[in-house]
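One structure below.
Start at 1 and go down the list; that is how both ligands and their atoms are numbered.
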Amino acid sequence: MNQSADDGVIAYIGLGSNLADPSRQIKSARIAIAQLAGVKERAFSSLYHSPPMGPQDQPDYVNAVMCIATDLPPIDLLRCLQRIENEQGRVRKGERWGARTLDLDILIYGESIIELPDLIVPHPGLTERAFVLYPLHEIAPHLSVPGKGDITDLLAQCPMAELEPMD
Ligand code: ROI
């Protein structure tokens, strides 16, 4: 069974941007996600400034994590998030791990382990990415990540490095 709340399943979404005023992109995306039918915002982390993981010839990122309660099935939630990415001007170029105006990832969806061609949950990069783990821990310090373990143990294995909370 998924971890349930009155309003559905508790899910965590990772937000990232490094183009076109990244803080504004993240704040707009937060509003757009909270306004989706079948979604309620439960928590939102601080914004974090982080150097790019992957190719270094791109601007630094702003990252955050949002907790929602949702009755959308995971694939429907994914399609809604992709629509918001597109509405905020995301252009998918060929380059893997290139700069982006907005990236929205389903990190966790209740207790589900999902392995579909378009959607792997928990997000496979979650355990290595300080810019995901630290904001996630900020809003869910007692979380157990399905199939991966307690957030505090994952955090202990992942240096904060140059990740910085923004005011
Ligand atoms: N690096 C950082 N710091 N933050 C991101 O959100 C991010 N997203 C990505 C890649 C290109 C892997 N690097 C990132 O998709």
Side-chain angles (χ1 to χ4, degrees), residues 11-34 36 39 41-68 70 74-75 77-109 113-141 143 145-148 151-152 154-167:
Y12 293 87
I13 297 168
L15 302 88
S17 169
N18 70 344
L19 291 177
D21 193 347
S23 295
R24 185 177 59 84
Q25 298 294 339
I26 299 296
K27 289 172 187 166
S28 306
R30 174 187 185 174
I31 293 166
I33 294 166
L36 290 170
V39 170
E41 177 177 330
R42 286 295 180 88
F44 200 89
S45 75
S46 307
L47 303 192
Y48 289 76
H49 178 266
S50 64
M53 182 191 147
Q56 295 296 297
D57 58 340
Q58 57 177 320
D60 286 354
Y61 279 78
V62 175
N63 286 106
V65 170
M66 182 171 184
C67 177
I68 60 171
T70 185
I75 281 290
L77 178 60
L78 176 68
R79 299 288 173 242
C80 288
L81 298 179
Q82 288 172 337
R83 199 188 67 233
I84 294 170
E85 288 177 340
N86 294 337
E87 283 169 359
Q88 288 191 212
R90 174 153 178 184
V91 179
R92 284 177 197 269
K93 301 207 184 107
E95 195 201 349
R96 185 172 176 249
W97 284 14
R100 65 269 319 273
T101 43
L102 184 62
D103 199 11
L104 300 176
D105 291 325
I106 303 176
L107 303 172
I108 295 174
Y109 184 91
I113 294 179
I114 302 167
E115 289 180 358
L116 296 170
D118 297 15
L119 182 63
I120 301 181
V121 177
H123 190 282
L126 187 149
T127 53
E128 294 106 58
R129 297 183 175 186
F131 60 84
V132 173
L133 284 179
Y134 283 82
L136 184 59
H137 177 263
E138 179 192 334
I139 59 171
L143 187 71
V145 181
K148 304 207 188 263
I151 182 93
T152 42
L154 299 174
L155 207 71
Q157 304 297 318
C158 182
M160 196 169 184
E162 291 167 78
L163 182 75
E164 284 174 14
M166 299 164 71
D167 49 54

| If you measure from each non-hydrogen atom of Trp97 to ligand 1, which part falls under 4.0 Å: side chain, backbone, both or neither? | both
| Can any side-chain N or O of Gln56 pair as donor or acceptor with the backbone N or O of Gly54 at less than 3.5 Å? | yes
| Heavy-atom contacts under 4.0 Å between Asp103 and ligand 1: side chain, backbone, both, or neither? | side chain
| said: Once you restrict to heavy atoms under 4.0 Å, what part of Pro55 touches ligand 1? Side chain, backbone, both or neither. | reply: neither
| task | Could you tell me whether Asn18 approaches ligand 1 through its side chain, its backbone, both or neither, with non-hydrogen atoms closer than 4.0 Å? | result | neither
| request: State whether the number of non-hydrogen atoms from other residues, nucleotides or ligands found under 6.0 Å of Glu162 atom CD is greater than 12. | output: no
| said: Give me the nearest non-hydrogen protein atom to atom 1 (N) of ligand 1 as residue plus atom name, then the distance to 0.1 Å. | reply: Met53 N, 3.0 Å
| task | Indicate whether the side chain of Ser46 and that of Glu138 have a donor and an acceptor atom separated by less than 3.5 Å. | result | yes
| atom 8 (N) of ligand 1: nearest protein contact (heavy atom, Å) | Tyr61 CE2, 3.8 Å
| Within the structure, does Ser50 bring an N/O atom to less than 3.5 angstrom of an N/O atom in ligand 1? | yes
| Which atoms from ligand 1 have a heavy atom of Pro51 less than 4.0 Å away? | 2 (C), 3 (N)
| Is there a heavy atom of Pro52 sitting under 4.0 angstrom from any atom of ligand 1? | yes
| query | What distance do Leu119 atom CG and Leu81 atom CG have between them, rounded to the nearest 0.5 Å? | reply | 9.5 Å
| Shortest protein contact, atom 15 (O) of ligand 1 (heavy atom only) | Arg100 NH1, 3.1 Å
| note | ligand 1 atoms nearer than 4.0 angstrom to some heavy atom of Asn63 are 2 (C), 3 (N), 4 (N), 5 (C), 6 (O)
| request: Indicate the atoms forming the closest heavy-atom contact of Pro59 with Asn18, along with that distance. | output: O-ND2, 3.0 Å
| task | Answer yes or no: is there an ion pair linking Asp118 with Arg79, defined by an N-O contact shorter than 4.0 Å? | result | yes
| field | Min side-chain heavy-atom separation Asp103-Glu85 under 4.5 Å | value | yes
| field | Any donor-acceptor N/O pair, Gln25 side chain to Ala20 backbone, under 3.5 Å | value | yes
